Amino acid sequence: MKVAIMGAGMSGLSCAITLERNGITPVIFENRSMVGDRFVNAEAMFCVLNRPFKDEIKYLSENCHIDLKPVDVVEKLTIHSKNETGNIEGKIGYTNIRGRHKNSYESQLARQVKSEINYNSTYDYAYLCKNFDYVVLATGDGQYSSAIGNYKCDLTVTIKGATIEGNFITKHPHVWFDYDVLPKGYAWIIPFSEKEANLVIAYPDYPDNLKLDVDVMWQKAYDLACKNLKQSFRITDKFEITRYMMGICNKAKIDNTYFAGNCFGTISPGLGFGQFASILTGVYAAYDICNIGVYEELTKPLFENYNHSLVFRRFLESLTNEQMDIHIKNLDSKILDSLIDKICSTDGGIDLLKISTPLMRLWNNYKEHSHNK
Ligand SMILES: Cc1cc2nc3c(=O)[nH]c(=O)nc-3n(C[C@H](O)[C@H](O)[C@H](O)COP(=O)(O)OP(=O)(O)OC[C@H]3O[C@@H](n4cnc5c(N)ncnc54)[C@H](O)[C@@H]3O)c2cc1C
């Protein structure tokens, strides 16, 4: 059986590992010259957003034989709004490195792959489709799925980030929601060592935001972060992404093509998390090819999760700074911490995103209705 994997990233490499374990050697095509050949950044996985999985890293190791070593366990997340600061404490998730770094997740995955990776590939999807029994499309964005007419794009986002040097606690990332600084967007700091972190901003490309200067926006977020964390960070490496697509495919599989990772739509529009679901789609595509599972069935919860996350984004966008302040202030509660702790320490159990979706939808409809009046 001839299987082509287009893209040696999170989903493509996870697919390869799973195929190999089941006796199939895929041919991997990567258009860059090495795995993770891009800027280095820190990312996170939060189990509250990936229910019913309690511990994604443990799950991947025990059930999928995919071993990933994170930077650290997140034990505290500080959320800053315009006038308030709130903390969520407990074992919330993990942080990790991505990109051109020997410990990045894609580098770790590549070390577990035995099949050959064809670098600097110029083969296009149409060629692979014609010459292979199956193609796993894992190129890391919705472009190909869109071109095939199999993608609903809900928004695009402008992202600018940098590596900053300072003093950080690797168990403790920060997020900012201040719509005077970043309209309908957010900023975050995720440390990847005690001396280095990423400061990133992301805001949607809505008409009102198109006039914004991304450098000015990033500088504002940088000033805010320096003020709140009482440090003056040294900037080392910068990166920028324009029109980063957030959307989802209509069909997870068409003929001999599997849509995996961001080609599927694994990036959650709420907070932009997509790593875990990307790995899952790679694993699930391999299961289908090996007749262990049915891709369309296995990916159903990911469609659902995407839709809940989109409602969450619309909810966040609908809030004023004053309303955001109230929510953030209420985060500092022992009851919430023990709820989060309970959620993160039990299998199955409560899916906070899912159960709060009807309420957020009601609120969103109310806000839209009053806006249109
Ligand atoms: C700045 C930023 C911060 C993020 N933070 C988080 C976070 O904190 N937590 C989280 O869970 N998610 C986060 N995400 C999202 C997460 O990184 C993605 O959802 C995930 O990497 C998608 O995996 P993938 O396999 O689809 O794509 P990738 O891992 O990007 O892999 C795609 C691969 O395909 C290759 N490729 C592209 N085109 C071709 C082609 N034509 N032929 C061959 N190969 C090709 C690329 O070079 C790349 O190697 C973030 C994303 C960004 C941009």
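Treat the numbers as computed from the prediction; the structure is a model and nothing was measured. Order of listing sets the numbers, starting from 1, for every ligand and every atom in it.
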Show, in sequence, the C-alpha distance, side-chain angles and deciding distance for D288 and V294, and conclude whether the side-chain contact (heavy atoms from CB on, under 4.5 Å) test is met. CA-CA 5 Å; D288 193 294; V294 177; 4.2 Å; yes
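With hydrogens and angles disregarded, a donor-acceptor distance shorter than 3.5 Å links the side chain of T281 to the backbone of G261. The main-chain N or O of A42 is found under 3.5 Å from a side-chain atom of N198 such that the two form a donor-acceptor pair. Distance alone, capped at 3.5 Å, is enough to place a donor-acceptor pair between the N321 side chain and the Y179 backbone.
For atom 24 (P) of ligand 1, the candidate residues are G9, A8, S11; the nearest heavy-atom contact is made by S11. Summarising the contacts of atom 42 (N) of ligand 1 with L271, V35, N31, the nearest heavy atom is found in N31.
Between the CD1 atom of I57 and the CD atom of E62 there is a distance of 12.0 Å, given to the nearest 0.5 Å. Rounding to the nearest 0.5 Å places CG of L13 at 14.0 Å from OH of Y105. A distance of 12.5 Å separates CG of N305 from OG1 of T299, quoted to the nearest 0.5 Å. Here N41 contributes atom CG and L199 contributes atom CG; the two are 12.0 Å apart, rounded to the nearest 0.5 Å.
Near F29, meaning under 4.0 Å from any of its heavy atoms, are these atoms of ligand 1: 43 (C), 44 (N). Taking every heavy atom of I241 and a limit of under 4.0 angstrom, the matching atoms of ligand 1 come to 53 (C). Counting atoms of ligand 1 from 1 in the listed order, those under 4.0 Å from a heavy atom of G261 are 26 (O). If you number the atoms of ligand 1 from 1 as listed, the ones under 4.0 Å from a heavy atom of A138 come out as 32 (C), 33 (C), 34 (O). Below 4.0 Å from some heavy atom of A44 lie the following atoms of ligand 1, by number and element: 7 (C), 8 (O), 9 (N), 10 (C), 11 (O). Listed by number with element, the atoms of ligand 1 under 4.0 Å from a non-hydrogen atom of R98 are 16 (C), 17 (O), 20 (C), 21 (O), 29 (O). Taking every heavy atom of N41 and a limit of under 4.0 angstrom, the matching atoms of ligand 1 come to 1 (C), 2 (C), 3 (C). For ligand 1 and G7, the ligand atoms under 4.0 Å from any heavy atom of the residue are 33 (C), 34 (O), 35 (C), 43 (C), 44 (N).
Between Q275 and ligand 1, at least one N/O pair is under 3.5 Å apart. Not one N or O of R38 is nearer than 3.5 Å to an N or O of ligand 1, by distance alone. On a distance-only criterion, E43 and ligand 1 share at least one N/O pair closer than 3.5 Å. Residue A260 has no nitrogen or oxygen atom sitting less than 3.5 Å from a nitrogen or oxygen atom of ligand 1, judged on distance alone. At under 3.5 Å, a nitrogen or oxygen of S278, whether backbone or side chain, sits near a nitrogen or oxygen of ligand 1. Residue N262 places at least one N or O, backbone or side chain, under 3.5 Å from an N or O of ligand 1. Between V200 and ligand 1, a contact under 3.5 Å exists for no N or O pair.
Ranking the protein heavy atoms by distance from atom 27 (O) of ligand 1 puts G140 CA, 3.2 Å first. Counting protein heavy atoms only, atom 12 (N) of ligand 1 is closest to G274 N, 2.9 Å. Here the heavy atom of the protein found nearest to atom 46 (C) of ligand 1 is E30 OE2, 3.5 Å. Nearest protein neighbour of atom 41 (N) of ligand 1, counting heavy atoms only, is M6 CE, 3.5 Å. Atom 37 (C) of ligand 1 has as its closest protein heavy atom T139 O, 3.2 Å.
Counting heavy atoms under 4.0 Å from ligand 1, residue I267 touches it through the side chain alone. Contacts of Y244 with ligand 1, taken as heavy-atom pairs under 4.0 Å, involve the side chain alone.
For E106, the closest heavy-atom approach to ligand 1 does not fall below 4.0 Å. Under a 4.0 Å heavy-atom criterion, S121 is not in contact with ligand 1.
Classification of the H174-W176 ring pair by plane angle, with boundaries at 30° and 60°, yields parallel.
Side-chain contact between M360 and V311: present, with at least one pair of heavy atoms (C-beta onward) separated by less than 4.5 Å. The closest side-chain heavy-atom distance from L109 to L68 is below 4.5 Å. Contact check for M6 versus V136: no side-chain heavy atoms found under the 4.5 Å cut-off. Within the 4.5 Å cutoff, no side-chain heavy atoms of T25 are placed close to those of L19.
Under the 6.0 Å distance and 45° angle rule, K2 counts as a cation-pi partner of F132.
Remark: the D325 side chain and the N83 side chain contain an N/O donor-acceptor pair separated by less than 3.5 Å.
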